[in-house]
Structure formats: structure tokens, C-alpha cells
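Notes follow once the structure below has been shown.
Just so it is clear, the structure is predicted and the values come from calculations on it, not from any experiment. Just so it is clear: chains get the letters A, B, ... in the order the sequence lines come, proteins before strands, and each one is counted from 1.
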Amino acid sequence: MARYNFRETERKWQEIWAARRTFAVTEDAARPKYYVLEMFPYPSGRLHIGHMRNYTIGDVVARFKRAQGFNVLHPMGWDAFGLPAENAAIANRVHPRSWTFENIRVMGEQLRLMGLAYDWEREIATCTPEYYKHEQKMFLDFLKAGLAYRKESWVNWDPVENTVLANEQVIDGRGWRSGAPVEKRRLAQWFLRITAFADELLDAIDGLERWPDKVRLMQENWIGKSTGVRLTFDITTADGEPGPAVEVYTTRPDTLFGASFLALSPNHPVAGTLAETRPELGAFIAECNRIGTSEEAIETAEKRGVDTGLRAVHPFIDGHSLPVYVANFVLMEYGTGAIFGCPGHDQRDLDFARKYDLPVIPVVLPPDADPDGFAIGIEAYTGPGRMINSGFLDGMTVDEAKAEAGRRIEAMGRGTRTTQYRLRDWGVSRQRYWGCPIPVMYRPDGTVVPVPEDQLPVTLPDDIDLETPGNPLANHPTWKYVTCPETGGQLIRETDTFDTFFESSWYFLRFTSPDSTDTGFDRSAAEYWMPVDQYIGGIEHAVLHLLYARFFTRALKGCGYLDVSEPFAGLMTQGMVTHPTYRDADGQWMYPEEVEERDGVLVGRSDGRPVALGRLEKMSKSKKNVVGLEEIVGSHGADTARFLLLSDSPPERDLEWSSAGIDGAWRFLNRVWRLVEEPAVPLAASGTPVPADLAGPALETRRLVHKTIAAVTDDLTRFHFNKAVARIRELATGLGELEAAAEAPGAPVVLREGVEALVQLLAPMTPHLAEEAWQALGHDTVIADQPWPVADASLVADDTVTVAVQVNGKLRATLAIARDAPQATVEAAALADPAIVRTLDGKPVKKVIVVPNRIVNIVA
RNA sequence: GCGGGCGUGGCGGAAUUGGCAGACGCACCAGACUUAAAAUCUGGCUUCCAUCGGAAGUACGGGUUCGAGUCCCGUCGCCCGCACCA
């Protein structure tokens with residue numbers, strides 16, 4: 001019995017595709033374009049099954065669209081800057097560049113083993129000066145356009161990575177990669193003005209119809225738009241002297257009559273000034289800064305404050321003033337860093353008021369509440385209602401009162417209605433070596449001098465000391481000293497490098513013209529290929545990379561680079577590949593292959609010591625729960641692995657990796673191979689016409705062939721790969737049955753048609769096998785160049801349909817009946833069915849519902 | 001706390017979006033072929049009663065409907081995102 005030889009076959013076709021440049025593309029205005037892109041990997045060392053799933057999904061889409069006649073761009077490259085290279089450099093005493101390029105070499109070989117339809121001529125690595133010089137130019141353009149600026153501010157400091165992190169890179173108060181609790185530091189940093197696009201980024205989400213709702217919602221929440229009022233309170237000191245006015249931001253100006261205090265952030269300038277003469281206030285502020293903003297800290301920290309002695313003059317109530325506190329729960333980074341507290345209708349304000357015994361005045365009466373007996377207990381009321389205790393607002397709804405209060409404040413000249421965002425500018429400075437140098441210099445007085453464009457790129461020095469703590473570029477003895485091109489005086493280079501999300505914010509543009517030397521990308525090429533039609537990657541980038549790239553593309557548009565706003569028209573977030581984790585007796589992570597089961601107990605393969613089974617986690621190098629590519633590709637071949645990864649779970653769902661399914665996938669591919677290579681019935685010659693009078697099993701099978709073509713086409717269009725696999729399996733079974741009925745008239749012709757269709761439908765998923773089978777079927781073409789099969793509509797719809805017959809909603813019989821038969825005929829046939837007659841048992845029929853070609857329900 | 005999602009056999013999952021629940025596969029069981037094993041093929045596989053055949057069943061409780069896995073209300077459980085955002 002013929003066994004499919006995957007080793008020879010896979011190598012053979014990979015060589016043929018490469019030699020024929022099958023997947024190399026150029027712009028072609030005559031054909032519709034389709035840009036498929038998988039999020040490019042960080043070259044961490046080796047590829048695992050999780051990567052493989054991502055690339056297999058993209059490859060099926062690319063090959064499918066290509067067969068459908070699209071001019072398909074499907075490139076691959078390396079997100080090659082990043083801290084792990086520095087850590088590896090220290091651990092292994094190799095240069096980060098050598099480590100990175102060695103990983104790229106190894107992982108590139110792994111990728112090639114998978115038979116992916118990439119245009120390898122477009123491969124890029126972001127750590128090369130040929131790549132990063134262009135982003136230095138982009139940065140200088142952003143600087144000119146006011147989209148990049150430097151400012152001193154409180155930043156997130158990762159004490160393990162020894163660098164600053166952007167807000168998006170802090171997850172639950174911890175560094176997104178190190179997991180270390182983030183500290184607050186005050187540093188001068190470069191920022192990109194993403195907030196200038198807040199509204200546009202938010203509004204355009206509506207147009208991202210082929211993005212998952214979940215990701216759209218996450219971006220919406222991250223941008224966090226709210227509308228409210230900025231309002232200035234006059235302040236008097238304890239002695240009755242005028243003090244520094246305080247501006248607050250509120251979304252609830254309607255509740256002003258219920259205000260009972262003002263609260264300032266500990267980092268508010270007024271608080272700072274007061275602290276100079278008030279030691280106990282200074283101590284309180286210091287304490288607030290010491291406690292982090294981690295989840296735990298917020299959960300446990302109670303609302304506390306210190307009365308400043310200042311009084312805030314109420315804008316609406318003559319002669320009324322409110323105490324001013326410095327409070328630990330007010331953020332300097334949001335709004336104005338100061339709030340007014342209305343305890344009746346905000347839970348935090350209520351907690352604070354109860355602690356410091358401040359008045360609680362209800363100003364919104366819930367719809368069904370008794371006006372006389374309504375009071376606030378321990379829970380603030382935040383719902384709708386009508387205003388009470390509120391002077392000129394009394395009787396209005398909350399919405400009416402918001403509008404009226406806003407108007408009054410503006411009329412009084414005390415403030416303006418504004419829009420506020422949660423989104424903050426993107427801090428891009430990193431105090432690391434292995435990144436793109438920020439192309440600016442400083443005069444001794446701190447003035448910024450952009451590096452002249454003709455001096456780009458600013459490249460990294462090779463001789464670097466990574467072991468000394470601190471910023472490696474700043475520690476370098478000479479690199480940062482340069483002579484001013486204008487004055488001849490000495491300048492100091494910026495020693496920070498860009499956040500590595502900078503590189504991934506435009507790599508998809510670079511892929512459109514990777515050889516462009518003067519500019520990062522060729523404008524006409526970019527405008528031909530962009531936007532990416534289908535982008536595929538992990539959900540973990542829902543706000544990070546995907547938001548940065550959306551911003552970056554707009555910023556480039558603003559600087560005249562191209563006329564595209566949204567980089568990714570379609571997005572699919574594929575689920576993680578998970579695997580159990582293992583730890584040895586000392587708590588160290590173990591690789592799955594180091595563990596085995598003996599007498600129902602997990603033990604170490606080498607030492608027999610007990611192993612603790614951990615929870616399912618995303619495959620990652622750090623937890624060692626990875627299954628390498630070679631293990632599976634080496635034992636069963638790339639096609640088997642690809643087929644298995646597409647088989648059971650829908651792509652957006654997590655997939656627990658187990659080796660159990662591999663045999664099933666391998667069995668199926670061999671079954672297909674036997675249908676091609678040693679059919680029980682010799683296939684008719686290719687192109688033999690199908691007899692017009694085809695009937696019986698051959699006709700039935702032929703219908704199945706065309707139904708399958710239609711269904712698989714639909715499934716692949718919707719990325720329902722698991723369903724497509726099920727359909728293809730059914731087709732193979734059907735063809736096997738026709739082989740068994742060899743004497744059926746027309747069988748050789750239908751088998752020829754069916755086997756060819758089967759192979760073509762499989763081609764995007766198992767391309768090597770499909771090519772080999774195509775050749776074995778006598779073709780001298782490459783299947784990758786074959787057009788996608790088209791179903792004959794007349795064969796897709798059956799002449800006879802099976803209609804279910806229910807009595808009172810319960811299934812009692814099925815009826816084979818001509819398709820689109822008149823309702824009366826269907827009804828009569830249903831009522832005449834013996835099983836129905838028996839069930840009805842003479843009971844009168846009240847009503848009959850007929851759903852054409854589906855179901856009949858008899859109500860008795 | 002706020003926002004979102006999910007709950008279907010032993011397991012992964014399917015159900016044309018309100019119309020035959022469990023497609024397809026994994027695992028398992030039985031049989032055929034074989035000296036034997038592997039490979040391959042055939043059949044079985046939600047539960048309960050049973051001979052044909054019936055009854056129940058999509059986390060749980062209710063509702064709408066001729067008809068509900070699908071829609072509505074409530075409960076329980078799990079997962080994800082944000083989080084002192086004024």
C-alpha cells in the first residue's frame with residue numbers, strides 16, 4: 001500500500017516554488033490586489049506551534065485568494081529589535097546583533113519547512129540601518145509637524161527591564177513583558193502626539209467592519225472619550241485672602257449643588273506649593289507617591305486626604321464655600337488633576353465624605369423615590385431622575401440639568417464644555433541599547449538639535465558594554481559626543497532608543513517596496529497594496545500594536561507620505577495555542593519532552609523525580625511549555641501539521657495542543673493519496689466529458705463534489721477552516737464509496753472530476769501533497785497556479801429534499817419530496833404519511849405550518 | 001466596580017442564524033483481513049426504557065412562539081478587557 005512520502009515531496013515542491021518564483025509579486029493594475037499579512041515574529045530563538053498556527057491561517061487565505069485570481073502580496077519579516085537580545089547577550093556573551101541574526105537564520109529555515117507562500121524576496125529585518133534609517137527620518141518629520149515632542153513627566157518605570165514603558169505596556173500595574181510592578185519616575189522623555197488623533201481614531205473604528213467587535217470595543221474603551229465641563233473655582237485662604245484658582249473637570253455639572261468638597265491630586269501644583277510650608281501635607285504627598293498604582297494597591301488603599309485649609313467659592317450659591325483637600329484618589333494625569341466631590345452621586349466621593357464627616361446632599365431624585373424620605377445611605381445614587389435641592393436646576397432631568405449647568409458656567413465665564421480622553425500621548429523613549437537611536441542631539445543648555453537628514457542613519461555602536469547597569473548608550477565612552485554641524489560646538493546625542501513598537505508601526509508599508517532606498521516605502525506601491533486586506537495575529541495586540549499602527553499611518557499621511565488612513569481593513573485575532581506547564585521539585589519550569597508518565601504519576605524522564613502539573617498556558621519560551629516545529633514536521637510533515645492546526649478549533653478560539661490528533665490527520669492525507677495514486681477504479685482521462693444521462697451513485701457523487709466545492713469556498717471565505725476540513729473529509733468518504741461501487745455507470749469520469757476537485761480544495765491547506773497529487777494525476781501545471789474550482793449551481797441544489805414532519809413540534813417522520821413542491825402537495829403528503837396518521841390517531845388538525853423545503857409542523 | 005463574551009456527548013467541535021441537535025474528527029468498543037502485529041476496511045458510540053419503537057435532553061428556573069441550542073427575563077458558573085478616569 002502506497003504511503004505518502006512527505007519528506008521527499010515537501011522538499012521537492014518547496015524547491016520548485018522557489019525556482020519558479022511562484023509567490024513573487026509586483027503591482028499589477030489589471031488585477032484586483034489582496035494583501036495578507038501575519039503579525040511578524042520577534043526572532044526569539046525557535047518557532048513553536050503557536051507561530052505555526054498563525055502562519056498557516058494566513059497561508060490558507062493567501063493561497064485561496066491567489067487561486068481566486070487576486071494579485072496576492074504575502075510577505076514575512078522580523079521584528080528584530082528588543083530587550084531579549086540584550087539579555088541573551090549578557091547570558092551568552094554574544095553580541096545582540098549576532099544573536100538576533102542567528103535566530104533569524106534558524107527561524108527562517110523553520111518557516112521554509114512549512115511551505116508557506118511568501119514572497120521571500122521582500123523579507124526584512126527591522127534592526128538593519130536600511131530599515132531604521134527611514135523611521136529616523138519619519139521621526140524628524142513628526143518633530144517638524146509637532147507630532148513629536150519632549151517633556152518631563154511621570155512615567156512608568158520597569159525596574160527589571162530598567163526602562164520606561166508606555167501606558168499601553170503596563171498590564172495590571174506590571175510590565176507587559178517582565179511582569180514586575182511598575183514604579184513611577186519623573187523623567188524627560190520623547191512622546192508622539194497620538195492624542196491629536198484621539199477623535200479620529202475613535203470615529204474611524206465604526207468603519208472597521210471586518211475587525212472583531214471585541215477589539216473595536218477595547219480600542220474605544222482605551223481611547224475613553226467623555227464629555228463634561230472644565231470649571232474654575234475661586235479660592236480663599238484661611239485668612240480670607242484670595243488664593244490660587246483651581247480648575248476642575250467634571251462630567252456631572254448637574255450635581256454642583258450637591259458638592260461638599262474639592263480634592264486635589266497629590267501631584268497638583270497647588271498641593272506642591274502648600275506642602276512647602278506644611279510638613280504634614282508634604283509627608284502625605286510623599287506617602288501617596290510611594291504607594292504604587294497597582295491593582296492591589298488601589299483595591300486596598302482607603303480614600304484618604306488632608307484638609308488644606310483653603311476654601312473654594314461655590315459658583316452657584318452665594319456666600320457658600322467648600323473645603324479643599326489633597327486626596328490620594330485623584331489622578332494628576334486625567335482631567336485637570338482636581339475634582340469637586342458630590343458624595344450623593346459618586347461612590348468614591350461618598351466614601352471620602354463619610355470618612356471626613358462632610359455633608360451628603362442628594363440632588364437627583366430617583367424616578368420612583370419619595371421626595372420627602374429620600375436620603376443617601378452607604379451607596380451613592382448614579383442613576384437617572386429629577387433634580388432636587390438644586391436651585392435653578394430643580395425639576396429638570398439629569399440630562400437637561402447637565403446642559404443647563406454647562407450653559408450657565410460658560411455664561412458666567414467660569415469654564416467651558418469640553419471633551420476629555422483617557423488616551424495619553426505615546427512615550428517612545430527607551431533606555432536600552434538594542435533599538436533604533438532617536439535622531440536628536442542636545443546643546444549644553446539642553447536645546448534640541450535634530451540630526452540633519454543627510455547624516456542619517458544614526459547607527460548603533462558595536463563596542464558596547466551591556467553589563468554595567470544603566471543605559472548602555474549613555475555609558476558608552478565616546479558615541480554620544482558629536483560636533484555641532486552649525487556652530488562647531490560640542491553636542492550630546494540622545495542616548496535613548498525607540499520603543500520597539502515604533503518599528504512595527506510601519507513595517508507593513510515597507511513590505512510594499514522593501515528595496516526603496518531614499519524613502520521608507522514607495523508611495524505608489526504603498527497606495528497600490530494598502531490597506532492590508534487581511535491582518536492576522538494575536539488578541540494581545542488589541543490596543544498596543546494595532547492602535548499605534550493606526551495612529552502612525554495617520555501621522556505619516558499628515559506628513560505627506562501617502563494617502564491612506566487605516567492600515568488594516570480586515571483583522572482576525574487567532575486564538576492561542578495552549579499547553580499544560582510542568583515544574584520540577586525545585587519549582588523550575590520543564591519542557592514537555594522532559595516529562596513522562598509512570599504508573600499514572602508525572603515524573604522527570606531523566607531523574608524520575610515527581611513533576612507538578614500546572615495550568616494550561618499560552619505556549620511561551622519562558623514557561624517552557626512549547627512544542628517545537630521540528631517535532632511534528634519531522635515526524636509527520638508540514639502538511640499534516642497544517643491540516644491538524646486547521647481541523648478542529650475555529651481559528652479565533654484557543655487550541656489546546658495535544659499530539660493525539662496527529663495520527664488522524666496523517667491517516668486522512670494518506671487516504672487522499674491512495675485515491676490519487678492507487679484508485680480501485682482507473683480514473684477516466686483528464687477532460688473526458690461527463691455523460692448527459694448520468695444517474696445513480698455516480699450522479700449522487702457528482703452532486704456531492706459540487707456541493708463540496710460550493711461549501712468549502714464559502715467556508716474559506718469566512719475563515720471557517722474547521723468546517724471546510726469536515727466537508728473535504730466527507731467528499732473523500734463519498735469518493736471512496738463510489739470506488740467501491742466500481743460498476744456504476746459513469747464512475748471513472750466522476751471519480752476523475754471528484755479527485756481533482758478534492759486535491760484543489762485541499763491545496764491551500766496541504767500544498768505539497770496537493771502539488772504531488774496534481775502531478776500524479778497527469779498535469780504538467782503547478783496547482784498553485786490553477787484557478788479555484790467553480791461549483792455547477794444546477795448540481796448544488798437537490799431535486800428532492802428531505803422535509804421533516806412534526807406533530808405539535810415533535811419530529812414524527814421525514815418526507816422525501818420534490819424541491820419547491822407546492823405547499824398543498826407537501827401538506828397532503830405529510831398528512832398521508834403512515835407515521836403521522838398513527839400519531840394523529842384521528843385527532844382533528846387545527847393548523848399546518850409549511851416551511852418550504854424544510855419542515856412541516858402539524859398542530860393538532 | 002464598569003464593559004464584553006461564553007456555557008451543546010468522554011473530548012475538540014457542528015447546527016444554513018427561529019425549522020430533523022450532536023455534521024466532521026479524536027478517544028473508546030466490536031467485527032473483517034492477518035500466523036501475529038502494524039496499516040486498512042466495516043459497524044457502534046448523549047441518557048433512560050425497550051422487540052419494532054418510545055421518552056428525556058443543549059448550565060439551571062421561567063417566558064415568547066406552531067416550533068427555541070438559537071430570542072426575552074432571572075439565577076449559577078467560567079473567561080477576557082479596563083479600572084480611584086471624576
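Counting only heavy atoms from C-beta on, A/Arg729 has its side chain closest to B/rC24 among B/rA14, B/rC24, B/rC82. Comparing B/rC66, B/rG3, B/rC20 against the side chain of A/Ile849 picks out B/rC66 as the nearest. Counting only heavy atoms from C-beta on, A/Leu331 has its side chain closest to B/rA86 among B/rG4, B/rA14, B/rA86. Counting only heavy atoms from C-beta on, A/Ile339 has its side chain closest to B/rA86 among B/rA86, B/rA14, B/rC24. With B/rC66, B/rA86, B/rA23 as the candidates, the nucleotide lying closest to the side chain of A/Ala726 is B/rA23.
For A/Tyr356 and A/Phe261, the ring centers sit 6.0 Å or farther from each other. Aromatic pair A/Phe643/A/Trp666: ring centres not closer than 6.0 Å.
Nucleotides B/rG63 and B/rG57, compared at atom P, are 14 Å apart to the nearest Å. Across B/rC2 and B/rU16, the matching P atoms stand 34 Å from one another, rounded to whole Å. Comparing B/rC6 with B/rG13, their C1' atoms are spaced 15 Å from each other, to the whole Å. As rounded to the nearest Å, B/rG7 and B/rC45 have C1' atoms that lie 24 Å from one another. B/rC73 and B/rU65 are spaced 16 Å apart, taking the C1' atom of each and rounding to whole Å. Using atom P as the reference point in both B/rG31 and B/rC20, the two lie 37 Å apart (nearest Å). Across the P atoms, B/rG69 and B/rU8 are found 14 Å apart, a figure rounded to whole Å. For B/rA15 and B/rU58, the C1' atoms lie 11 Å apart once the distance is rounded to whole Å.
Nucleotide B/rC24 holds its P atom 15 Å from the CD1 atom of A/Ile728, rounded to whole Å. Regarding A/Leu544, its CG atom lies at a distance of 17 Å from the P atom of B/rC80, rounded to whole Å. B/rC24 atom C1' lies 14 Å from atom CZ of A/Arg667, rounded to whole Å. The separation between A/Arg422 atom CZ and B/rC82 atom C1' is 6 Å, rounded to whole Å. Spacing between atom CZ of A/Arg424 and atom P of B/rA83 amounts to 9 Å, rounded to whole angstrom units. In this structure, the CD1 atom of A/Ile539 is 13 Å from the C1' atom of B/rC79, given to the nearest Å. Separating the CG atom of A/Asn221 from the C1' atom of B/rC80 is a distance of 12 Å, rounded to the nearest angstrom. The interatomic distance linking A/Tyr325 (OH) with B/rC84 (C1') rounds to 18 Å, in whole Å.
Using a 4.0 Å cut-off, some side-chain N or O of A/Tyr334 falls inside it from OP1 or OP2 of B/rA86. Regarding contacts with the backbone of B/rC41, a side-chain N or O of A/Arg674 is found under 4.0 angstrom from either OP1 or OP2. Side-chain N/O atoms of A/Ser649 include one lying less than 4.0 angstrom from OP1 or OP2 on B/rG13. Contact annotation: A/Arg727 side-chain N/O to B/rA14 OP1/OP2 distance is not under 4.0 Å. Contact annotation: A/Lys810 side-chain N/O to B/rA56 OP1/OP2 distance is under 4.0 Å. OP1 or OP2 of B/rA55 sits under 4.0 Å from a side-chain N or O of A/Arg812. Taking 4.0 angstrom as the limit, A/Arg838 places none of its side-chain polar atoms (N or O) nearer than this to OP1 or OP2 of B/rC52. Taking only side-chain nitrogens and oxygens, A/Asn670 never comes nearer than 4.0 Å to OP1 or OP2 of B/rA39.
In summary, the side chains of A/Arg653 and A/Gln574 do not present any donor paired with an acceptor at a separation below 3.5 Å, with no hydrogens or angles considered. Using a 3.5 Å distance cut-off with no hydrogens or angles, the side chains of A/Asn722 and A/Ser647 do not pair a donor with an acceptor. No side-chain N or O of A/Arg230 forms a donor-acceptor pair with one of A/Thr250 less than 3.5 Å apart. With no hydrogens or angles considered, no side-chain donor-acceptor pair links A/Thr640 and A/Tyr4 at under 3.5 Å.
Using a 4.0 Å heavy-atom criterion, one finds that A/Ser647 contacts no nucleic acid atom at all. Residue contacts shown for A/Val805 are absent, as no nucleic acid heavy atom lies under 4.0 Å away. Using a 4.0 Å heavy-atom cutoff across all strands shown, A/Gln806 reaches at least one base atom of the nucleic acid. At the heavy-atom level, A/Thr802 lies under 4.0 Å from base atoms of the strands shown. Base engagement by A/Val851 is indicated by at least one non-hydrogen atom pair under 4.0 Å involving a base atom. Counting non-hydrogen atoms under 4.0 angstrom, A/Gly664 reaches the backbone sugars and phosphates but no base.
Judged by closest nucleotide on RNA chain B, A/Arg671 is the one of A/Arg671 and A/Thr250 placed further toward the 5' end. Ranked by how close their nearest RNA chain B nucleotide is to the 5' end, A/Thr839 and A/Glu737 are led by A/Glu737.
Across all strands shown, B/rA59 forms a Watson-Crick or G-U wobble pair with B/rU75, both key distances being under 3.5 Å. When both pairing distances are held under 3.5 Å, B/rA30 makes a Watson-Crick or G-U pair with B/rU42. Within the shown strands, nothing qualifies as a pairing partner of B/rA36 under the Watson-Crick or G-U definition with both distances less than 3.5 Å. If you check B/rC82 for Watson-Crick or wobble pairing at under 3.5 angstrom, you find it paired to B/rG1. Across all strands shown, nothing is found opposite B/rU16 as a Watson-Crick or G-U wobble partner with both distances under 3.5 Å.
Judged by the 6.0 Å distance and 45° axis criteria, A/Arg304 is not positioned over the aromatic ring of A/Phe284.
Syn is the glycosidic conformation of B/rU17, whose angle stays within 90° of 0. Here B/rG44 is in the anti range [glycosidic angle more than 90° from 0].
In terms of polar N and O atoms assigned as donor or acceptor, the side chain of A/Lys303 comes within less than 3.5 Å of the base of B/rC84 in a complementary pairing. With hydrogens and angles ignored, no donor-acceptor pair under 3.5 angstrom links the side chain of A/Asn857 to the base of B/rG67.
Exactly one residue among A/Ile858, A/Ile855, A/Val826 makes a side-chain contact (heavy atoms from CB on, under 4.5 Å) with A/Val850. That residue is A/Val826.
The backbone N or O of A/Ala711 lies less than 3.5 Å from no partner atom in the side chain of A/Arg727, so there is not a single donor-acceptor pair.
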